[in-house]
Structure formats: structure tokens, C-alpha cells
Undergrad: 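Below are the C-alpha cells for one structure; questions will follow.
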Amino acid sequence: MARANDEAADLIQELADLLSITGGDGFKIRAYEKAARAIAGHPDDISGMDLAGLRKIPAVGEAIAKKVLDYNATGTIRQVEDLRAQIPAGVRALTAIPTLGPKKALAVYEELGISSVPELAEAIKEGRLRGLKGFGAKTEDNILHGIDLMRQAGERVLIDVAADLAEEIVAALSPLAERCTHAGSLRRMRETIGDVDILAASTEPRPIMEAFTALPFVTDVIASGDKKTSIRTTRGLQVDLRVVPPESWGAALQYFTGSQGHNIRTREIAVRAGLKLSEYGLFSAESGELIVSETEEEVYERLGLPWVPPTLREDGGEIEAALKNELPRLVTAQDLRGDLHSHTDLTDGVATLEEMVAAAAERGLEYYAITDHAPNLFMQRMTDEKMLAQREQVRELQAKYPDLTLLHGTELNIDPDGEVDWDADFLAGFDVCVASVHSAFTQSQAEMTRRFVRACENPHVHVIGHPTARLIGKRSPVDADWDEVFRAAARTGTALEVDSFPDRLDLPADLIRRARRLGVKFSIDTDAHALGHHRNIRYGVGTAQRGWLTPDDVINTWPLDRLRAFLRKRS
DNA sequence: GCCGTTTTCGGCCCGACTGTTTTCAGTCG
């Protein structure tokens with residue numbers, strides 16, 4: 001279920017979109033967009049707030065606060081409803097076509113009555129756009145091509161797909177540039193990526209641009225210049241390459257990492273200080289003289305801010321925290337001493353116990369839990385005997401790893417009533433128990449909430465695995481009253497997992513942030529089912545950072561004795 | 001519509017590329 005903040009933010013963003021089509025004042029539109037971002041990123045729930053409380057949210061003034069009150073009372077905003085009556089939903093949908101923005105959408109609607117994507121395609125084929133001001137042959141081609149792209153793929157990809165592609169491109173271009181790296185939403189570790197941004201530093205952009213467009217997976221060159229080139233890959237992903245002079249590296253990296261909202265905030269700070277910030281550097285507004293540009297740290301410092309980690313740059317309160325010098329010291333992969341969730345070929349893993357443990361040792365971990373599936377996930381055919389035999393194997397293997405403590409655990413199934421697979425006596429034999437929802441995903445919110453709360457209250461359940469059970473792009477998150485679940489987890493000393501699988505990333509970052517505020521602890525795990533899955537940990541860490549987690553919030557950064565004390569729960 | 005150790009009025013982030021224009025508007029990030 002969408003949170004009130006997100007729903008209200010969507011309505012205000014829609015108001016901005018509709019106004020941009022009807023030709024509303026550009027500054028007013030940007031004010032709405034800014035407020036929408038601020039509301040979506042605001043940590044507190046807006047649903048219970050009064051006018052004064054709402055106005056404390058940055059970028060929310062009298063008028064927008066009243067619109068939010070309208071939303072709180074009625075579930076919608078009157079001005080949005082009024083504009084919807086004037087502009088058919090299909091016209092707003094037209095602006096989703098690449099190269100077609102609000103101005104062109106309004107033109108085809110007003111001049112030709114076109115209010116849907118199929119109608120527009122039809123009109124172009126019939127030649128009805130000819131003679132319309134601003135629409136030439138090339139524009140028609142671009143619109144048809146854009147519609148095609150929208151139809152085939154155009155969707156966002158999982159972070160590992162984007163990361164692998166970026167790595168390949170950076171490897172190919174690095175020999176030609178002084179520096180080369182990825183930026184954009186991938187550097188911010190968003191859970192899905194719409195397009196990949198690559199940044200290179202060089203005084204000779206031409207050869208880099210040529211090498212880029214000649215890469216084997218390039219199907220389409222969308223734009224190409226000396227400073228910027230955009231291509232599309234065989235799987236429909238857009239990649240933008242920017243080449244800047246080496247001395248501009250820091251300012252360019254800051255700029256191309258975004259987010260857009262974060263950049264607007266930093267540029268506003270610059271303007272107020274009599275400066276001008278662009279991808280080429282921080283300049284004096286008056287003389288145009290360059291002040292700094294070589295590193296991100298310098299740029300932030302000159303703006304009066306500490307360096308802001310990319311995973312926080314969402315205009316979600318990080319500017320305010322930075323101004324007060326209260327940015328969190330974020331958890332990193334190096335902080336992790338252990339992994340509390342993994343599988344072997346005893347159930348659905350594809351590597352042996354010995355191989356998985358060797359991979360954990362390779363990661364430099366101090367402790368590592370094997371947590372194969374429990375018997376109620378019937379297809380895994382677990383039995384008490386198999387589990388006990390594995391425990392013996394784990395104890396024997398321990399002798400080979402003096403620097404790595406092996407923990408024997410299991411991943412339990414939380415049944416629809418909140419019960420788990422084994423009785424208390426058997427459960428007491430495990431070092432660590434993860435418990436997860438693997439079935440009955442469609443229970444009502446009340447049932448699901450009770451289910452999680454009961455699981456937390458089980459003294460032998462230490463970690464709730466991939467709590468929302470979502471599969472990005474495939475299965476929606478289960479519906480629960482998350483704040484109530486979080487309060488139960490905090491009260492009972494049950495950690496919530498941050499599962500590192502690229503299609504899970506579960507808990508998601510926004511829920512992590514809410515849970516943290518309620519005192520919850522977390523475990524960042526790979527849920528590895530194969531040797532290669534160990535490297536997914538970076539995505540779990542990125543998600544945890546986006547949830548503002550510090551090492552102290554994460555139980556598997558703790559020394560083993562502190563972890564063991566936590567695992568005793570409130571015995 | 002928001003906001004103020006430059007302002008309660010008059011500002012508001014900045015630049016690249018494309019296409020349709022003859023000097024710039026639209027779109028995008």
C-alpha cells in the first residue's frame with residue numbers, strides 16, 4: 001500500500017505536469033515539483049499533520065500545505081481533479097514519449113484533438129501533423145521511434161544489469177581517457193536503473209565518443225556531440241556518455257551523479273553565496289572566475305557542506321543534515337564482519353557447504369551462517385535428520401577455519417498464522433534463525449501484520465528475512481502495517497534483513513529508514529545460493545546506505561560476542 | 001508557489017543537443 005506521503009507527492013507532481021501542459025507559470029510548476037520531492041522524501045507521515053506541521057517541510061508553504069490537507073481529508077486534491085477534467089489523461093501520457101514534451105503534447109491536442117498515444121501514431125501515419133508549427137519530418141520520425149521504444153522495452157533494469165554494463169563500458173573507454181567512471185542513479189545505488197551515465201575526463205573527446213558509439217551492443221545513436229553522446233543498447237537501455245576536461249572532474253562527477261533534486265539544492269546554495277555551480281566547476285557569479293572543480297570534496301566544502309555520500313543524494317533531508325554537520329557515518333561493505341543468510345545444495349543452493357564456506361573465508365568474514373530452508377517449504381525436502389547431519393558437518397569444517405566462526409542456522413517459513421517450522425526445543429539447537437514469508441502473499445493487511453508480529457515474538461526467530469517478499473518487477477510487496485511490524489521488531493530484539501539479491505533489495509530503502517527511526521536493528525545478508533552471489537553484498541550495502549544506516553544499526557557489523565548477546569534475545 | 005545575514009518583492013539551477021528556425025524553442029537530464 002502506498003504511503004500517504006507518496007500519494008500526496010504524486011498528486012502534486014501531477015498538478016505540475018498538468019500545469020506544464022496548460023502553459024502555467026514555469027516557476028509555479030517548479031515549486032510544485034520541488035514540494036512533491038520534499039513530501040515524498042520527508043521522513044514523517046503527513047497524514048496526521050496540521051497546517052503548521054506541513055509548512056515545516058521545506059518547499060511547502062501555505063498554498064501547498066492546504067492542498068495536502070485537502071488530500072488528507074478527501075484522498076485527492078481539488079485542483080488536480082479540475083485540471084484532469086480539462087486535460088484528458090491521454091494527453092499527459094503523450095509526454096511519456098521521448099522527445100515529446102508538454103508543449104508538443106498540447107499542440108497536437110489543441111490543433112488535432114489527439115489525446116492518446118495510438119491516436120498520435122495514427123495521425124502521423126496519415127500525414128495529419130504536416131504543417132503543424134514546429135513539427136517537421138524529423139520530429140515525426142522521432143515521435144514514431146519514441147513510441148516504438150516505449151512499446152518494446154524502455155523499462156528500468158535491475159541494478160546488477162546496469163552495473164555489469166557500466167563496468168564493461170568503463171573498461172572499454174578507460175584506456176582512452178584520463179579518468180572514467182559511472183555516475184547517475186547507478187552511483188546512487190537506486191534499486192532499478194532507467195539509464196546508465198558514464199563520465200570521462202579528457203582533453204580529446206573525439207576518440208572516446210567514437211569508441212563509445214562503436215561498442216558492439218550499440219543499436220542506436222540518439223545524440224552525439226563533442227561533450228555528450230547518447231546511445232541505446234540491444235536490450236533497450238540508454239547510456240549517456242559525458243566527456244569533460246580533466247580539471248572539471250569533481251564538479252562534473254558531482255553534477256552527473258545527481259539526483260536532480262539534490263543538484264538543484266546545491267546550486268541554490270551556490271547562488272545564495274554569490275556563486276554559480278555547473279558541471280565545469282564552482283564559479284564566482286560576478287567575475288565568472290573559477291573557484292574549485294577538481295574534486296567533489298572541494299565543491300561541497302566551498303558550499304559549506306561536508307562531502308555527501310552518493311547514496312544519500314536524493315533531496316531527502318541530506319542537505320539539511322549536511323548543513324548541520326549531522327550526516328550519518330554510513331555502513332560500508334568493509335564494516336561487515338559476517339553474513340547471516342546463505343544456502344547450500346542441501347536445499348536450493350547450487351554450491352556445496354565446503355564451497356560456500358570457502359567463499360565466505362575469501363570475503364574475509366569473521367563469522368558466517370549457513371541457513372538452509374526448513375521443512376515446511378516442502379519442495380526443499382528438508383528433514384530433521386538432514387539438518388542435524390549438516391550441523392555435524394559444519395562443526396567438523398570449523399577446524400579448517402580458525403579465523404572464521406561458522407554458525408549453523410536455518411531459514412524458517414513464517415506460516416499464515418505466524419508460526420514457524422519446528423518446536424522450541426529443536427529451534428534452540430540453531431545458532432541463528434532467519435524467518436521469512438514464502439507463501440500466502442495475499443493476506444489482508446491485518447492478517448499479515450499479525451503474522452509478522454507473532455514471528456517477531458518467537459524467542460528463537462532472530463532475523464526476519466526479505467520482509468516485504470517482493471520481487472522487483474515480478475511480485476508486489478506484501479501488505480502490512482509496517483510501522484506496527486517495526487515496533488514489534490524493535491521491542492522483541494528481532495533484526496530485519498536487508499537482502500542483497502538484486503531483484504529483492506528487501507527491506508527497501510524507504511522502509512529501512514522508517515524502521516530505523518523506530519529503533520529496529522538490521523542484518524545485511526547475501527541470501528547467497530551460489531558462489532557468485534557473494535558479490536551481491538554491495539547492492540545490499542547500497543540499499544542500507546540509502547536507508548541511512550550506520551554500522552551500529554547493523555548487527556552483522558558487530559563483533560561476534562555482541563552479536564551472540566543479541567541472538568539470545570530476551571531470554 | 002516559495003522564500004529571505006543581499007530581498008516581504010522579485011528573484012527562482014544550468015547546460016547540451018536537436019530540429020526548425022534564421023536567432024531560438026523544446027526537450028532532456
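Remember, predicted model here, so these are calculated numbers, not experimental data. Proteins get letters first, then strands, A, B, ... in listed order; numbering begins at 1 in each.
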Undergrad: Can you measure A:Ile269 atom CD1 to B:dC2 atom P for me and round it to whole angstrom units?
TA: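 In whole Å, B:dC2 P lies 20 Å from A:Ile269 CD1.
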
Undergrad: Could you work out the separation of B:dT27 and B:dT20 based on their P atoms and round it to a whole Å?
TA: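 Rounded to whole Å, the distance is 13 Å.
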
Undergrad: For the side chain of A:Ser293 and the backbone of A:Glu247, is there at least one donor-acceptor N/O pair under 3.5 Å apart?
TA: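 Here the side-chain-to-backbone pair exists.
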
Undergrad: With C1' as the reference atom in both, quote the distance from B:dG29 to B:dC13 in angstrom, rounded to an integer.
TA: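 One C1' to the other, the span is 12 Å.
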
Undergrad: Any ion pair linking A:Glu279 and A:Lys228 (charged N to carboxylate O, less than 4.0 Å)?
TA: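 Looking at A:Glu279 together with A:Lys228, the answer is no, because their closest N to O distance does not fall below 4.0 Å.
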
Undergrad: Tell me whether the OP1 or OP2 atom of B:dC12 has a side-chain N or O from A:Lys28 closer than 4.0 Å.
TA: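 For A:Lys28, the contact criterion (side-chain N or O under 4.0 Å from OP1 or OP2 of B:dC12) is not met.
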
Undergrad: Any base atoms under 4.0 Å from A:Asp141, or only sugar-phosphate, or nothing? Heavy atoms, all strands.
TA: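 A:Asp141: no heavy atom of the nucleic acid under 4.0 Å.
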
Undergrad: Check residues 308-327 of chain A and write down every donor-acceptor pair under 3.5 Å in which the side-chain atom is one partner and the other belongs to a residue at least two apart or another chain.
TA:
{"residue": "A:Thr311", "atom": "OG1", "partner": "A:Gln545", "partner atom": "OE1", "Å": "2.9"}
{"residue": "A:Arg313", "atom": "NE", "partner": "A:Tyr300", "partner atom": "OH", "Å": "3.2"}
{"residue": "A:Arg313", "atom": "NE", "partner": "A:Val308", "partner atom": "O", "Å": "2.8"}
{"residue": "A:Arg313", "atom": "NH1", "partner": "A:Glu296", "partner atom": "OE2", "Å": "2.9"}
{"residue": "A:Arg313", "atom": "NH2", "partner": "A:Glu296", "partner atom": "OE1", "Å": "3.1"}
{"residue": "A:Arg313", "atom": "NH2", "partner": "A:Glu296", "partner atom": "OE2", "Å": "3.4"}
{"residue": "A:Arg313", "atom": "NH2", "partner": "A:Val308", "partner atom": "O", "Å": "2.7"}
{"residue": "A:Glu314", "atom": "OE2", "partner": "A:Arg188", "partner atom": "NE", "Å": "2.8"}
{"residue": "A:Glu314", "atom": "OE2", "partner": "A:Arg546", "partner atom": "NH1", "Å": "2.9"}
{"residue": "A:Glu314", "atom": "OE2", "partner": "A:Arg546", "partner atom": "NH2", "Å": "3.3"}
{"residue": "A:Asp315", "atom": "OD1", "partner": "A:Arg265", "partner atom": "NH1", "Å": "2.9"}
{"residue": "A:Glu318", "atom": "OE1", "partner": "A:Asp315", "partner atom": "N", "Å": "3.2"}
{"residue": "A:Glu318", "atom": "OE1", "partner": "A:Gly316", "partner atom": "N", "Å": "2.7"}
{"residue": "A:Glu318", "atom": "OE2", "partner": "A:His262", "partner atom": "ND1", "Å": "2.8"}
{"residue": "A:Glu318", "atom": "OE2", "partner": "A:Glu314", "partner atom": "N", "Å": "3.3"}
{"residue": "A:Glu318", "atom": "OE2", "partner": "A:Asp315", "partner atom": "N", "Å": "2.7"}
{"residue": "A:Glu320", "atom": "OE2", "partner": "A:Arg265", "partner atom": "NH1", "Å": "3.1"}
{"residue": "A:Glu320", "atom": "OE2", "partner": "A:Arg265", "partner atom": "NH2", "Å": "3.1"}

Undergrad: In whole angstrom, give the distance that lies between atom CG of A:Leu282 and atom P of B:dC13.
TA: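 For the pair A:Leu282 CG and B:dC13 P, the rounded distance is 15 Å.
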
Undergrad: Between A:Ala65 and A:Gly225, name the one whose nearest nucleotide on DNA chain B is closer to the 5' end.
TA: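 Taking each residue's closest nucleotide, the earlier one in sequence belongs to A:Ala65.
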
Undergrad: Between A:Glu191 and A:Arg156, is the closest basic N to carboxylate O distance under 4.0 Å?
TA: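 Answer for the salt bridge query: no.
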
Undergrad: In whole angstrom, what separates A:Leu132's CG from B:dT21's P?
TA: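 Between P of B:dT21 and CG of A:Leu132: 11 Å.
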
Undergrad: Could you measure between the two C1' atoms, the one in B:dC9 and the one in B:dT23, and give it in whole Å?
TA: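 B:dC9 and B:dT23 have their C1' atoms separated by 32 Å.
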
Undergrad: Below 4.0 angstrom, N of the basic side chain to O of the carboxylate: do A:Asp44 and A:Arg517 qualify?
TA: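 Here A:Asp44 pairs with A:Arg517 in a salt bridge, since their nearest N and O are under 4.0 Å apart.
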
Undergrad: Where the side chain of A:Ser248 meets the backbone of A:Ala252, is there a donor-acceptor pair that is under 3.5 Å apart?
TA: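 Judged by distance alone, no pair lies under 3.5 Å.
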
Undergrad: When you check the glycosidic angle of B:dT22, does it come out syn, meaning within 90° of 0, or anti?
TA: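 Because its glycosidic torsion lies more than 90° from 0, B:dT22 adopts the anti conformation.
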
Undergrad: By the 4.0 Å heavy-atom rule, please label A:Ala137 as base, sugar-phosphate, or nothing.
TA: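 Touches sugar-phosphate only.
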
Undergrad: Rounding to the closest angstrom, what is the interatomic distance between B:dG26 and B:dT21 at atom P?
TA: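 Going atom to atom, P in each nucleotide, I get 12 Å.
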
Undergrad: Without placing hydrogens or testing angles, list every side-chain donor-acceptor pair under 3.5 Å for residues 47-60 of chain A, not counting sequence neighbours.
TA:
{"residue": "A:Ser47", "atom": "OG", "partner": "A:Asp45", "partner atom": "OD1", "Å": "2.7"}
{"residue": "A:Ser47", "atom": "OG", "partner": "A:Asp45", "partner atom": "OD2", "Å": "3.2"}
{"residue": "A:Asp50", "atom": "OD1", "partner": "A:Ala52", "partner atom": "N", "Å": "3.4"}
{"residue": "A:Asp50", "atom": "OD1", "partner": "A:Gly53", "partner atom": "N", "Å": "2.8"}
{"residue": "A:Arg55", "atom": "NH1", "partner": "A:Glu62", "partner atom": "OE1", "Å": "3.0"}

Undergrad: To the nearest Å, how far apart are A:Ile264 CD1 and B:dG15 C1'?
TA: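 Computing the A:Ile264:CD1 to B:dG15:C1' distance gives 13 Å.
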
Undergrad: Which part of the nucleic acid does A:Leu277 contact within heavy-atom distance under 4.0 Å: base, sugar-phosphate only, or nothing?
TA: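 Result for A:Leu277 = sugar-phosphate.
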
Undergrad: From NZ of A:Lys67 over to C1' of B:dC2, roughly how many Å is that when rounded to an integer?
TA: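 For the pair A:Lys67 NZ and B:dC2 C1', the rounded distance is 12 Å.
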
Undergrad: Provide the Watson-Crick or G-U wobble partner of B:dT8, both distances under 3.5 Å; none if there is no partner.
TA: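 B:dT8 is paired with nothing.
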
Undergrad: Among residues 303-318 of chain A, which ones have heavy-atom contacts with DNA chain B below 4.0 Å?
TA: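 The stretch gives none, as no residue of it lies under 4.0 Å from the strand.
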
Undergrad: Tell me: OH of A:Tyr32 to P of B:dC2, nearest whole Å?
TA: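 Result: 7 Å.
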
Undergrad: For A:Ala223 and for A:Ala35, locate the closest nucleotide of DNA chain B by heavy-atom distance; then report the residue assigned to the nucleotide nearer the 5' terminus.
TA: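 Taking each residue's closest nucleotide, the earlier one in sequence belongs to A:Ala35.
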
Undergrad: Any side-chain donor-acceptor pair under 3.5 Å between A:Asn536 and A:Thr526?
TA: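 A:Thr526 and A:Asn536 do not have a side-chain donor-acceptor pair below 3.5 Å.
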
Undergrad: How would you summarise protein contacts on nucleotides 22-29 of chain B per nucleotide, using B for base, S for sugar-phosphate only and - for none, with heavy-atom distances below 4.0 Å?
TA: ----SSSB

Undergrad: Considering just the side-chain nitrogens and oxygens of A:Asn142, establish if one lies under 4.0 Å of OP1 or OP2 belonging to B:dG19.
TA: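 Indeed, a polar side-chain atom of A:Asn142 lies that close.
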
Undergrad: Would you mind classifying the nucleic acid contact of A:Arg242 as base, sugar-phosphate or nothing, using non-hydrogen atoms under 4.0 angstrom?
TA: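 A:Arg242: backbone/sugar contact only, no base atoms under 4.0 Å.
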
Undergrad: Choosing from B:dA16, B:dC17, B:dC14, which nucleotide comes nearest the side chain of A:Ser278?
TA: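 From the listed options, B:dC14 comes nearest.
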
Undergrad: On a whole-Å scale, what distance lies between the C1' atoms belonging to B:dC17 and B:dG11?
TA: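 It works out to 28 Å between them.
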
Undergrad: Give one of base, sugar-phosphate or nothing for A:Ser224, where a contact means two heavy atoms less than 4.0 Å apart.
TA: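 A:Ser224: backbone/sugar contact only, no base atoms under 4.0 Å.
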
Undergrad: Strictly below 4.0 Å, N to O, side chains only: are A:Asp197 and A:Arg242 in salt-bridge contact?
TA: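 Salt bridge flag = no for A:Arg242 with A:Asp197.
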
Undergrad: List in chain and number order the residues that pass ring pair (Phe, Tyr, Trp, His ring centres under 6.0 Å) with A:His533, two or more places apart in sequence or in another chain; answer none if no residue qualifies.
TA: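 Per chain and number, A:His533 pairs via ring pair (Phe, Tyr, Trp, His ring centres under 6.0 Å) with A:Phe501.
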
Undergrad: Counting side-chain heavy atoms from CB outward, which of B:dG19, B:dC2, B:dC12 is closest to A:Phe27?
TA: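 In terms of side-chain proximity for A:Phe27, the closest of B:dG19, B:dC2, B:dC12 is B:dC12.
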
Undergrad: The side chain of A:Lys227 lies closest to which of these nucleotides: B:dA16, B:dG15, B:dC2?
TA: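 Side chain of A:Lys227 sits closest to B:dA16.
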
Undergrad: Between A:Arg30 (CZ) and B:dC3 (C1'), how many Å, whole number?
TA: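 A:Arg30 atom CZ is separated from B:dC3 atom C1' by 15 Å.
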
Undergrad: Rounding to the closest angstrom, what is the interatomic distance between B:dT8 and B:dC3 at atom P?
TA: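 Those two atoms are separated by 16 Å.
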
Undergrad: Do A:Asp335 and A:Thr332 have a side chain donor and acceptor closer than 3.5 Å?
TA: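 Judged by distance alone, the side chains do pair up.
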
Undergrad: If you check the A:Ile64 side chain, which of B:dC17, B:dC13, B:dC2 turns out closest?
TA: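 Nearest listed nucleotide: B:dC2.
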
Undergrad: I'd like to compare against my own output: the B/S/- annotation of nucleotides 6-11 of chain B with a strict under-4.0 Å heavy-atom distance to protein.
TA: B-----

Undergrad: Classify the nucleic acid contact of A:Lys133 as base, sugar-phosphate or nothing, counting any heavy atom under 4.0 Å across all strands shown.
TA: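 No contact at all - A:Lys133 keeps every heavy atom at 4.0 Å or more from the nucleic acid.
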
Undergrad: Provide, to the nearest angstrom, the distance between the CZ atom belonging to A:Arg55 and the C1' atom belonging to B:dC2.
TA: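 To the nearest whole Å, that distance equals 9 Å.
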
Undergrad: Taking 4.0 angstrom as the limit, do A:Lys66 and A:Asp70 come out as a salt bridge?
TA: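 A:Asp70 and A:Lys66: not salt-bridged.
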
Undergrad: Taking only the P atom of each, what is the distance from B:dA16 to B:dG10 in whole angstrom?
TA: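 It comes out at 32 Å once rounded to the nearest Å.
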
Undergrad: Using a 4.5 Å cut-off on heavy atoms from C-beta on, say whether the side chain of A:Ile12 contacts that of A:Ile77.
TA: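 Yes, their side chains come closer than 4.5 Å.
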
Undergrad: Less than 4.0 Å between a side-chain N and a carboxylate O, is that true for A:Glu81 and A:Arg78?
TA: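 Between A:Glu81 and A:Arg78 there is no salt bridge, as every charged N stays at least 4.0 Å from the carboxylate O atoms.
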
